[in-house]
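Predicted model only: the values in this text are computed from it and were never measured.
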Amino acid sequence: MLTVTCEKPGVLISQDRPVPVRAAGETLIRIKRVGVCGTDLHIFSGNQPFLEYPRVMGHEFSGVVAETDGASGLAVGDAVYVMPYLSFGSCVACRQGKTNCCTRIQVLGVHCDGAFTELLSLPHQFVHKAQGITLDQAAMVEFLSIGAHGVRRSEVKAGQQALVVGTGPIGMAAAIFAKLRGAVVTVLDTRDDRLKFCLEQLKVDAAVKIGDSDKQQLSDLTQGDFFDVVFDATGNSKAMERGFEFIAHGGKYVLISVVRDSITFSDPEFHKREASLLGSRNATAEDFQYVEQCLRDGLIPDAALNTHRMALGDVAEKFSTLLDPNQAVVKAIVEC
């Protein structure tokens, strides 16, 4: 079967690998769609903190059941999506239902090989029937769930001011779900095309371009109070440090992105605000189910989010084009 492997930063190769043999308790999936995530771009670029090369990328995906057994609750031909965080169920986090940060977690496409291939066999509990959504939509559930999880962690309320810093797909997902909770959402980024997209397609309330006057603009938008909740989705340590400046007194700061670096902040300023700092990692089954329902209900502009497509056979040659800002990529989907 065709498989695309990232041998080292900047090097992708197409190769033929044996078809996996389904083990007891597993479902064999014929992969149909794979979303390209910022994590995949970071792997290709060489700045993903939890990875060793070589690696088959891809953790946002959908497909159809090729083989399974009665214990799965699935049938051959069912459309499915996958929760790609392979947790083990018994650690301190899993015992609290926080399988998203299992101490022994294996994330497909990061800690172990993922979905840039044709077939993958996975334990039943991570394979979910896609009900009432398309294969394209099912391949978007995972990245949307990361945004939904960060928003749920924040407990942002209707009428509160929310700022999303970084308008890649994860930041856009956070903006979507903050809006669905009734927050007044502002986005902050360097890219005019992304800011325009958020205004026109996501219907955010305001968009501010990073520059000399951005802090004053953010202050003006909130009558000097700044933001009840700030979400960072930049993957940039300097941006993450600067985000502390935008928290309102009594506010919260949710770090959705992750970087290799240490980040620092002013303790007097943090204490003066009695701010709350929250990490947000991956997502849980609750988030996946919520996102699937939102897609069924037509609450997410998924067709607009899917700006680019390519075939699996073209990934090795064309993947690097997705890093070009001039391509205005939001979400690319690979067809298998």
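The local environment of CZ in Arg104 is sparse, with at most 12 non-hydrogen atoms from other residues, nucleotides or ligands closer than 6.0 Å.
Considering only heavy atoms from C-beta on, Arg30 stays 4.5 Å or farther from Leu120 through its side chain. Inter-residue side-chain proximity for Ser14 and Thr3 is flagged as unmet; no heavy-atom pair is nearer than 4.5 Å. Counting heavy atoms from C-beta on, the side chains of Val34 and Ile333 never come closer than 4.5 Å. Counting only heavy atoms from C-beta outward, the side chains of Pro301 and Ile176 approach each other to under 4.5 Å. Annotation: side chain of Tyr53 is in contact with side chain of Ile43 (closest heavy-atom distance under 4.5 Å). Residues Thr167 and Val330 fail the side-chain proximity criterion, which asks for heavy atoms closer than 4.5 Å. In this structure the side chain of Leu218 reaches within 4.5 angstrom of the side chain of Phe246, judged on heavy atoms. Proximity of His308 to Gln327: side-chain heavy atoms (C-beta onward) are separated by under 4.5 Å at one or more points.
Here the rule is side-chain contact (heavy atoms from CB on, under 4.5 Å) with Thr5, and of Arg17, Met57, Arg55 only Arg17 fits it. The only option from Gln217, Gln223, Gln216 that meets the side-chain hydrogen bond (donor to acceptor under 3.5 Å, both in side chains) definition with Asp220 turns out to be Gln216.
In this structure, Lys32 forms no cation-pi arrangement with Phe61, as its terminal cationic atom is not both closer than 6.0 Å to the ring centre and no more than 45° off the ring axis.
Atom CZ in Phe197 sits 15.0 Å away from atom CG in Asp192 (nearest 0.5 Å). Note that CD1 of Ile300 is 7.0 Å distant from CG of Leu180, once rounded to the nearest 0.5 Å. Atom SG of Cys112 is separated from atom CD1 of Ile105 by 10.0 Å, given to the nearest 0.5 angstrom. Atom CD in Gln160 sits 8.0 Å away from atom OG in Ser154 (nearest 0.5 Å).
Taking the charged nitrogens against the carboxylate oxygens, Asp302 and Lys331 have no contact shorter than 4.0 Å, which rules out a salt bridge. For Arg22 and Asp69, the salt-bridge test passes: some basic side-chain N is under 4.0 Å from an acidic carboxylate O. Between Arg152 and Glu286 there is a salt bridge, since at least one side-chain N of the basic residue sits less than 4.0 Å from a carboxylate O of the acidic one. Contact check on Glu155 versus Arg181 returns no salt bridge, with no Lys/Arg side-chain nitrogen under 4.0 Å from an Asp/Glu carboxylate oxygen. For the pair Asp314 and Arg309, the salt-bridge criterion is not met [side-chain N within less than 4.0 Å of a carboxylate O]. By the 4.0 Å N-to-carboxylate-O rule, Arg153 lies too far from Asp287 to be salt-bridged with it. A salt bridge between Arg191 and Asp189 is absent, with no side-chain N of the basic residue lying under 4.0 Å from a carboxylate O of the acidic one. Using a 4.0 Å cut-off between charged side-chain N and carboxylate O, Asp214 and Lys209 make no salt bridge.
Side-chain atoms of Thr284 and Asn100 form no donor-acceptor pair, as typed in the model, at a separation below 3.5 Å.
Ring orientation note: the planes of Phe177 and Tyr290 are tilted relative to one another, at an angle of 30° to 60°.
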Does the pair Thr134 and Asp136 meet the rule for a side chain to side chain donor-acceptor pair (under 3.5 Å), with working shown? CA-CA 5 Å; Thr134 66; Asp136 281 358; 5.3 Å; no
Take Lys215 and Glu245 through the test salt bridge (charged side-chain N to carboxylate O under 4.0 Å, His left out) and record every step on the way to the result. CA-CA 9 Å; Lys215 189 172 182 179; Glu245 300 177 17; 3.3 Å; yes
Starting from the C-alpha separation in whole Å, work towards a yes-or-no answer on salt bridge (charged side-chain N to carboxylate O under 4.0 Å, His left out) for Asp205 and Lys179. CA-CA 9 Å; Asp205 299 280; Lys179 283 290 293 180; 3.1 Å; yes
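Clustering of Ile, Leu, Val, Met, Phe, Trp and Tyr side chains at separations under 4.5 Å places Ile13 together with Val11. The hydrophobic cluster containing Val19, built from Ile/Leu/Val/Met/Phe/Trp/Tyr side-chain heavy atoms closer than 4.5 Å, also comprises Met1, Leu28, Leu119.
Ile29 and Gly63 get closest at one heavy-atom pair: CG2-CA, 4.0 Å. Minimum interatomic distance between Val36 and Leu41 (heavy atoms only, all atoms of both residues): CG1-CD2, 4.2 Å.
Val127 and Leu135 are not part of a single hydrophobic cluster, where members link through side-chain heavy atoms under 4.5 Å apart.
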Side chains of residues 77-87: which donor-acceptor partners sit under 3.5 Å, not counting sequence neighbours?
residue, atom, partner, partner atom, Å
Asp78, OD2, Ala75, N, 2.8
Tyr81, OH, Glu292, OE1, 3.0
Tyr85, OH, Glu142, OE2, 2.5

